[in-house]
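Worksheet: one structure, shown below.
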Amino acid sequence: MMALQGKVAVVTGAAQGLGKGFAEILLQNGAKVALLDINEKAGKELETQFNEAYGADRTHFYPVDVSSDQQFKDAFQKILSKFGQVDIFCNNAGIINEKQWEKTVSINLCGVVRGTYLALEHMKKENGGQGGVIVNVASLAGLGPLAQTPIYTATKFGVVGFTRALALASEVANYGVRINAMCPAFVRTPLIDSFNSEEQIGQFMGLADFTRSLMEKFPSLEVEEVSKGLLLLVKDDSLNGACLAMMRDGAGLVSFPKEIPKTPVAL
Ligand SMILES: NC(=O)C1=CN([C@@H]2O[C@H](COP(=O)(O)OP(=O)(O)OC[C@H]3O[C@@H](n4cnc5c(N)ncnc54)[C@H](O)[C@@H]3O)[C@@H](O)[C@H]2O)C=CC1
Ligand SMILES: CC/C=C\CC(=O)/C=C/C=C\C=C\C=C\[C@@H](O)[C@@H](O)C/C=C\CCC(=O)O
């Protein structure tokens with residue numbers, strides 16, 4: 001298991017919700033944490049709160065829009081200047097907006113790619129790096145479709161596929177970096193109210209009741225529960241290319257079929 005004492009972690013979308021929970025459990029386990037978020041007010045307030053709770057200078061906030069290549073790169077350089085290294089990188093920032101769907105893709109998928117590649121360039125052994133672990137936050141909607149949010153679903157399937165492919169590349173090329181994905185069901189954060197927002201859901205508002213029925217099938221998890229899943233994916237150095245599915249009735253590592261299950265058709 002990876003010891004976190006003295007390690008340096010980066011968490012995107014850290015100002016609230018799951019990102020805040022992930023940052024806190026990493027701090028509680030001895031890591032220093034760089035908080036990245038577009039919400040500057042909330043990020044600065046959380047930095048002060050965490051420094052008071054876990055010791056001065058254990059946390060620093062960096063205002064970053066993960067859809068901006070330049071902002072992400074600039075922040076990463078500042079993190080390296082302040083902390084000297086990055087051992088853990090959690091790409092968590094994400095939104096639901098089926099109307100501004102290019103924005104959703106740019107944040108949920110392209111933002112994860114940007115963060116992953118920044119971390120990988122720094123961590124991989126062929127570049128003189130010390131190795132490390134990257135956790136990309138997908139969703140249960142990255143393993144099965146959410147009818148009301150086809151674009152959000154596409155981004156999450158993309159995060160799962162990208163993570164699994166890069167984990168395989170890391171194994172084959174011996175990068176010394178583990179890359180895993182989290183696939184939680186509904187979690188009690190401000191994001192889950194999105195399904196009721198015409199501004200975010202648009203043409204699919206008529207499917208709100210379908211999502212409500214899914215919320216009965218998958219009762220909401222608490223941030224603290226999901227944060228334990230992050231800790232597992234970070235600490236267990238046997239896990240690379242793992243996808244951790246999390247629902248209220250339990251969590252499990254997804255077993256992807258070696259062959260694609262299919263019903264033969266005559267062509
Ligand atoms: N809440 C849920 O039911 C589930 C959430 N997830 C995923 O977990 C991740 C976190 O979601 P929540 O904490 O629930 O949402 P949230 O809305 O509570 O927090 C998201 C955070 O990301 C930040 N953010 C948004 N756009 C950004 C950008 N362009 N650059 C930097 N930061 C940005 C926000 O300011 C906010 O602090 C997302 O990727 C989401 O898709 C996955 C499964 C279930
Ligand atoms: C409106 C979106 C709200 C929050 C964001 C989010 O990512 C929430 C996801 C929550 C649940 C998604 C469930 C998707 C379920 C369907 O695709 C199923 O048909 C298949 C998926 C998994 C089955 C798992 C199982 O039953 O064992």
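Start at 1 and go down the list; that is how both ligands and their atoms are numbered.
- Among all protein heavy atoms, the one lying closest to atom 12 (P) of ligand 1 is T189 OG1, 3.6 Å.
- Atom numbering of ligand 1 starts at 1 in the shown order; those under 4.0 Å from a heavy atom of I192 are 1 (N), 2 (C), 3 (O).
- Remark: distances from the non-hydrogen atoms of T12 to ligand 1 are all 4.0 Å or more.
- Counting only heavy atoms of the protein, atom 9 (C) of ligand 2 lies nearest to S139 OG, 3.5 Å.
- Every ring pair (Phe, Tyr, Trp, His ring centres under 6.0 Å) that F162 has, sequence neighbours left out, goes to Y117.
- Proximity annotation for atom 34 (C) of ligand 1: of D37, V66, V159, N39, D37 comes nearest, heavy atoms only.
- Among all protein heavy atoms, the one lying closest to atom 10 (C) of ligand 1 is N92 OD1, 3.2 Å.
- Between D236 and R178 there is no salt bridge, since no side-chain nitrogen of the basic residue lies less than 4.0 Å from a carboxylate oxygen of the acidic one.
- For atom 2 (C) of ligand 2, the closest non-hydrogen atom of the protein is I96 CD1, 3.4 Å.
- Of the heavy atoms in M182, none comes closer than 4.0 Å to ligand 1.
- When only non-hydrogen protein atoms are considered, atom 29 (N) of ligand 1 lies nearest to D65 OD1, 2.9 Å.
- Neither the backbone nor the side chain of A141 comes within 4.0 Å of ligand 1, counting heavy atoms alone.
- Put simply, part of P145 is less than 4.0 Å from ligand 2, judged by heavy atoms.
- For atom 42 (C) of ligand 1, the nearest non-hydrogen atom from the set G94, A138, C110 belongs to A138.
- The nearest non-hydrogen atom to atom 4 (C) of ligand 1, considering only A185, C90, G111, comes from A185.
- Here the protein heavy atom with the shortest distance to atom 27 (O) of ligand 2 is M247 CE, 3.4 Å.
- Atom 1 (C) of ligand 2 has its closest protein heavy atom at F195 CB, 3.8 Å.
- The shortest contact between atom 24 (N) of ligand 1 and any protein heavy atom is with I38 CG2, 4.0 Å.
- The distance from ligand 1 to the heavy atoms of G13 drops below 4.0 Å at these ligand atoms: 21 (C), 22 (O), 23 (C).
- In the displayed structure, F210 atom CZ is contacted under 6.0 Å by at most 12 heavy atoms of other residues, nucleotides or ligands.
- In terms of protein heavy-atom proximity, atom 21 (C) of ligand 2 is nearest to G144 CA, 3.8 Å.
- Atoms of ligand 1 found under 4.0 Å from any heavy atom of V137 (numbered from 1 in listed order, with element): 7 (C), 8 (O), 9 (C).
- Scanning the protein heavy atoms around atom 11 (C) of ligand 2, the nearest turns out to be F186 CE1, 3.7 Å.
- From the protein, the heavy atom lying nearest to atom 17 (O) of ligand 1 is Q16 NE2, 3.5 Å.
- For atom 3 (O) of ligand 1, the nearest non-hydrogen atom of the protein is V187 N, 2.8 Å.
- Heavy-atom contacts of Y152 reach the following atoms of ligand 2: 5 (C), 6 (C), 7 (O) (cutoff under 4.0 Å).
- Here the heavy atom of the protein found nearest to atom 13 (C) of ligand 2 is L140 CD2, 3.9 Å.
- In terms of protein heavy-atom proximity, atom 15 (O) of ligand 1 is nearest to L191 CB, 3.5 Å.
- Here I95 has side-chain heavy atoms under 4.0 Å from ligand 1, and that is the only part of it that gets that close.
- Among protein heavy atoms, atom 4 (C) of ligand 2 sits closest to I192 CG2, 3.6 Å.
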